[in-house]
Amino acid sequence: MYKEIESSKKWDGLVILIFLIITFTITYPLWNSHQVFVANDWSFHASRVEEIYQNLKSGHLFTYIATHTFQKTGVANFLFYPTIFLYPWAIFRFLFSPVTAFYAWFSLWQIARNNLNEFNDVN
């Protein structure tokens with residue numbers, strides 16, 4: 001039984017390593033270009049992240065209305081769209097440029113998503 005657990009931990013570690021390598025391989029060329037390739041409603045969500053970042057910068061943890069973005073109109077879209085998954089992206093904005101922050105968040109999201117999918121398939 002102990003060998004099965006040890007083997008399972010090695011397999012899990014190998015899967016995580018593979019996902020890290022795949023994520024880095026996919027993300028690095030995009031990040032290295034210093035450009036973000038946008039589609040669909042990306043600018044809407046990027047504006048939401050910018051609002052969260054500006055609010056965190058001014059000491060407000062929660063965001064309810066947009067007072068910095070969306071033309072400073074006080075749009076209350078934060079009441080209707082979940083924001084918890086955007087906070088890591090906004091926190092990365094404190095550490096990196098906007099483009100690097102996006103790709104750091106994207107990488108984190110891909111790793112988390114792939115690992116959750118892998119572990120859900122196994123169990």
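Note that the structure is predicted; figures quoted are calculated from it, not measured. If you read the sequence from its start, that first residue is 1, and numbering goes on from there.
For F44, the ring pair (Phe, Tyr, Trp, His ring centres under 6.0 Å) criterion is met by F70, Y81, not counting sequence neighbours. Scored by the side chain to side chain donor-acceptor pair (under 3.5 Å) test, S47 finds no partners at all (sequence neighbours excluded). Residues satisfying the side chain to side chain donor-acceptor pair (under 3.5 Å) criterion with T83, sequence neighbours excluded, are absent altogether.
Judged by distance alone, with hydrogens and angles left aside, the side-chain atoms of E51 form no donor-acceptor pair with the main-chain N or O of T63 at under 3.5 Å. Panel note: side chain T69, backbone A66; no donor-acceptor pair is recorded below 3.5 Å.
Between F85 atom CZ and L108 atom CG the span is 11.0 Å, to the nearest 0.5 Å. Interatomic distance, S33 OG to Y28 OH, rounded to the nearest 0.5 Å: 10.5 Å. Once rounded to the nearest 0.5 Å, the distance linking CZ of R113 with CD of Q110 reads 4.0 Å.
Residue pairs meeting the salt bridge (charged side-chain N to carboxylate O under 4.0 Å, His left out) criterion with at least one partner in residues 85-107, sequence neighbours excluded, are E50-R93. For residues 66-83, no pair satisfies salt bridge (charged side-chain N to carboxylate O under 4.0 Å, His left out), with sequence neighbours left out.
Two different hydrophobic clusters hold F106 and I84 under the rule that ILVMFWY side chains link at heavy-atom gaps under 4.5 Å. Following chains of ILVMFWY side-chain contacts shorter than 4.5 Å, one cannot reach W109 starting from Y53, and the two form parts of different hydrophobic clusters. Both Y64 and L61 are part of a single hydrophobic cluster, where members link through side-chain heavy atoms under 4.5 Å apart.
Contact between W105 and L86 at its shortest, heavy atoms only, is CZ2-CD2, 4.4 Å. The two residues T25 and I21 make their nearest non-hydrogen contact at OG1-O, 2.6 Å. Scanning both residues, A90 and I52, for their nearest heavy atoms gives CB-CG2, 3.6 Å.
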(request) Under the side chain to side chain contact (heavy atoms under 4.5 Å, CB included) rule, what do F78 and I65 come out as? Steps first, then yes or no, please. (result) CA-CA 6 Å; F78 295 91; I65 61 171; 5.9 Å; no
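Contact annotation: the side chain of I111 never approaches that of I16 to less than 4.5 Å [non-hydrogen atoms, C-beta and beyond].
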Tell me which donor-acceptor pairs under 3.5 Å the side chains of residues 94-104 have, and how far apart each pair is, sequence neighbours excluded?
{"residue": "S97", "atom": "OG", "partner": "T100", "partner atom": "N", "Å": "3.3"}
{"residue": "S97", "atom": "OG", "partner": "T100", "partner atom": "OG1", "Å": "3.1"}
{"residue": "T100", "atom": "OG1", "partner": "W31", "partner atom": "NE1", "Å": "2.9"}
{"residue": "Y103", "atom": "OH", "partner": "Q35", "partner atom": "O", "Å": "2.9"}

